[in-house]
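Notes to accompany the following structure.
Throughout, protein chains are lettered first and strands after them, A, B, ... in sequence-line order, and every chain is numbered starting at 1.
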Amino acid sequence: MDELRRFARELLLKKEVAAVIGYEQVGEARTRPVVITDPDECRRLVLNEYCLNNLVVYLNRARIKALARSKEGIRKLAVVAKPCDIRSIVALIQENQIRRENLMILSMNCHGVVRDFGCEFNGDNLAAKCISCNTQSSTYADKSFGEVREIPKFTGKLEYDLSEIEQLPPSKRMEFFREQFDKCIKCYACRAVCPLCYCQRCITDKTIPRWIESSSHSRGNFAWNIVRALHLSGRCTGCGECERACPMDIPLSLLNRKMAMKSKELFGYESGKSTDNPTLVGSYDQKDSDELFM
Amino acid sequence: MTEEKLILKEDLLRICDDVIKKGDTLLAPGKSEYVIVKDVSEIKLDPEALPTKISFKSYVFPKSEPVLYYKRSKNDVTLIDADVNGRKIVVLGAKPCDTGSIDIMKDLFNWDYRDEFFNLRAKHFIMIGMMCKTHDEYCFCTSVGCSPVSENGSDLFLIPLSDKEFALRIVTEKGREFIEPYFRFLCDADTKRTEEVLSAAKNPETAFDPDEVHEWLGRNFESPKWDGIGEVCLSCAQCAFACPVCHCFDIVDEDYSYSEGRRMKNWDGCQFGHFTLHASGHNPRDIQSKRYRQRINHKFRYYVDKFGKILCTGCGRCSRGCPVSIDIKEIVSNCKD
């Protein structure tokens, strides 16, 4: 952690980056994203099991982008990212949203994170995405911090099992998701925290014509949640932030994971793996399977 | 003076059972929200539970509701009133930081226009509050004029004396009317014990003085403090929708077809970028820092100026649930020179 603080401070002092986006500790079991431009403030940076946010979301924010434009011609931003978050960076580079040369990736050698703030870090409270994680450190980062330790063995219980839901007959599956989506209050926290949801103007905010009903009734909720899942299919890197942010506990990652599985099965594509490949949609081939066409 | 009685938990549950059997709606705090109780065995009545993730607001001010239906013909438009559902709703075991929420919102919904939807629902609410015996780092009810033992907004108020018995205070006439048919379940109060329990309440530490905050906000519309928050906030509406008193809404028309449709009233949130977007394309709150400033000013200055009430109950839901851990208590506490 001290190494990260020193390194980040140097970056700002030497004016290599315009800002450092990292985590600061707030309370015992919680961190908060922090945008640092003053080198001395780097002492606030932390790296631990409570670094839940995917900070890559900030790279596409107008206010943050403006920092890298206005300050003395410094184009680079430094971002603290877990190896799984780095997959979102790769996806954004593939989609021409950010440039690698304008980024300083400070990676954290990760041994898992908690499922939510306030939990004690142990096998019971391991985040779902960490259960079968096999990328504890990243080779794509500019520098990695912290030691690689073993991820605790998951001893908790997941509330929903994707394979069980897959096995339900279509009508039951529909019923399950309708019930879940009915809970949605359209706060759009899922959209706000998603690094891949970067549209300047989301389709749900368009009013002429209105494609997605803004009302939070069954139909409006269903439309929004399905559009969200479809727009992220072949793109979602599985950071799980949408599900964590949801105040109504909707298991959003079930759909995301299913879409990721389909992308792999049908097209051999995994989002966020490599900047050498075009995106899934960008690599459309007439010989592609049409199983998913509606 | 408030009348006090003693009631056994099992008798309280008998009353609840009767409410359900009569077909009235019984709401109680569930895992993450207030839920409609179908069977009394689901009732927890845990004074040590933290506030649910969202309040019971949607039962008095639904997240989405039709306000009228319309039909178009060649030269005419016919309007049809929407039915307002004014069923009796009994809220059992509401936290003191929730019980007062309807009274706070009532001022807005009766200000320049009497919102019959809100009023009719509010009229049919029976609020059974319960003393709160816990708090976490996000709670700050005592800073906004509320407290773990506040009866404000409650028709009846429960004070847990043990696992099996409660002191029951009859706070309003509405509460008396509700409990009168069940008087046989009530015994004489043991006020000494009640006082002991009440005085042992765990008050969250006072974090700020709302008068000082009000005064500071008046002088610091352009403070650079807002900028820092604007950088981190991601502009969702978790805070507004989880809030027991945030009440902004949007009116939209939904066409079923060319000739028919309905007008909807939907929750809206001031942190959304398009909340203040004008038809001209101009947006007076074009960046996040201005939007967050609005949120704090509305709660601690504008609403106070207009209605003499703070638009906040100190429940801490917005902070607890914020995806980027923005803590309203911390921000308001820093509203000083």
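Listed by sequence position, A/His217, A/Arg219, A/Asn221 are the residues of residues 217-228 of chain A in contact with chain B, using a 4.5 angstrom heavy-atom cutoff. Residues of residues 183-195 of chain A that come closer than 4.5 Å to chain B, counting heavy atoms only, are A/Lys183, A/Cys184, A/Ile185, A/Lys186, A/Cys187, A/Tyr188, A/Ala189, A/Arg191, A/Ala192, A/Val193, ordered by residue number.
Neither the backbone nor the side chain of B/Thr52 comes within less than 4.5 Å of any heavy atom in chain A. Both the backbone and the side chain of B/Glu231 come within less than 4.5 Å of a heavy atom of chain A. Residue contact with chain A, scored on non-hydrogen atoms closer than 4.5 Å, involves the side chain of B/Glu330 exclusively. Both the backbone and the side chain of B/Val232 have a heavy atom closer than 4.5 Å to some heavy atom of chain A. Using a 4.5 Å cut-off between heavy atoms, B/Tyr138 touches chain A through its side chain atoms alone. With a 4.5 Å cut-off on non-hydrogen atoms, B/Asp268 does not touch chain A at all. For B/Lys265, no part lies under 4.5 angstrom from a heavy atom of chain A. When heavy atoms are compared at a cutoff of 4.5 Å, B/Asp327 approaches chain A by way of both its backbone and its side chain. Heavy-atom distances place the side chain of B/Glu33, and not its backbone, under 4.5 Å from chain A. Only the backbone of A/Thr31 comes within contact range of chain B, judged by heavy atoms closer than 4.5 Å. Looking at B/Leu277, neither its backbone nor its side chain comes within 4.5 Å of chain A, counting heavy atoms on both sides.
Both tests do not hold together for B/Arg262 against B/Tyr256: distance to the six-membered ring centre under 6.0 Å, angle to the ring axis within 45°.
Under a 4.0 Å N-O distance rule, the pair B/Asp136/B/Arg320 qualifies as a salt bridge. Salt bridge status for A/Arg30 with A/Glu28: absent, with no side-chain N to carboxylate O gap under 4.0 Å. A salt bridge links A/Lys82 to A/Asp85: at least one charged side-chain nitrogen sits closer than 4.0 Å to a carboxylate oxygen. For the pair B/Asp46 and B/Lys133, the salt-bridge criterion is not met [side-chain N within less than 4.0 Å of a carboxylate O]. A/Asp182 has no carboxylate O lying under 4.0 Å from a charged side-chain N of A/Arg178, or vice versa, which leaves the two without a salt bridge.
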Quick one, B/Val324 with A/Tyr58, criterion side chain to side chain contact (heavy atoms under 4.5 Å, CB included). Give me CA distance, side-chain angles, the key distance, then yes/no. CA-CA 11 Å; B/Val324 294; A/Tyr58 288 102; 3.2 Å; yes
Does the salt bridge (charged side-chain N to carboxylate O under 4.0 Å, His left out) test come out yes or no for A/Glu159 and B/Lys31, once each step is laid out? CA-CA 14 Å; A/Glu159 197 164 357; B/Lys31 202 177 120 221; 3.8 Å; yes
Decide yes or no on side chain to side chain contact (heavy atoms under 4.5 Å, CB included) for A/Leu106 and A/Val79, but give the supporting numbers first. CA-CA 6 Å; A/Leu106 311 177; A/Val79 62; over 6 Å; no
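Chain B forms more heavy-atom pairs under 4.5 Å with one residue of A/Ala245, A/Ser216, A/Ala62 than with any other, namely A/Ser216. Interface remark: of the candidates B/Glu137, B/Gln238, B/Glu254, B/Glu254 forms the most heavy-atom pairs closer than 4.5 Å to chain A.
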Could you pull out all donor-acceptor pairs under 3.5 Å where a side-chain atom in residues 54-61 of chain B meets a protein atom, sequence neighbours excluded?
{"unit_1": "B/Ser55", "atom_1": "OG", "unit_2": "B/Lys57", "atom_2": "N", "d": "3.0"}
{"unit_1": "B/Lys57", "atom_1": "NZ", "unit_2": "B/Ala240", "atom_2": "O", "d": "2.9"}
{"unit_1": "B/Lys57", "atom_1": "NZ", "unit_2": "B/Cys243", "atom_2": "O", "d": "2.9"}
{"unit_1": "B/Lys57", "atom_1": "NZ", "unit_2": "B/Cys246", "atom_2": "O", "d": "2.9"}

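Aromatic ring centres of B/Phe109 and B/Phe117: separated by at least 6.0 Å.
Among residues two or more places apart in sequence or in another chain, the salt bridge (charged side-chain N to carboxylate O under 4.0 Å, His left out) test is passed with A/Glu95 by A/Arg235.
The line from CD of A/Glu24 to OG of B/Ser325 is 9.5 Å long, rounded to the nearest 0.5 Å. With rounding to the nearest 0.5 angstrom, the CH2 atom of A/Trp211 is 14.0 Å from the SG atom of A/Cys202.
Tested against B/Gln271, the residues B/Gln288, B/Arg295, B/Arg285 include a single side-chain hydrogen bond (donor to acceptor under 3.5 Å, both in side chains) partner, B/Gln288.
The aromatic rings of B/His282 and B/His278 sit perpendicular to each other, their planes meeting at more than 60°, with 30° as the lower class boundary.
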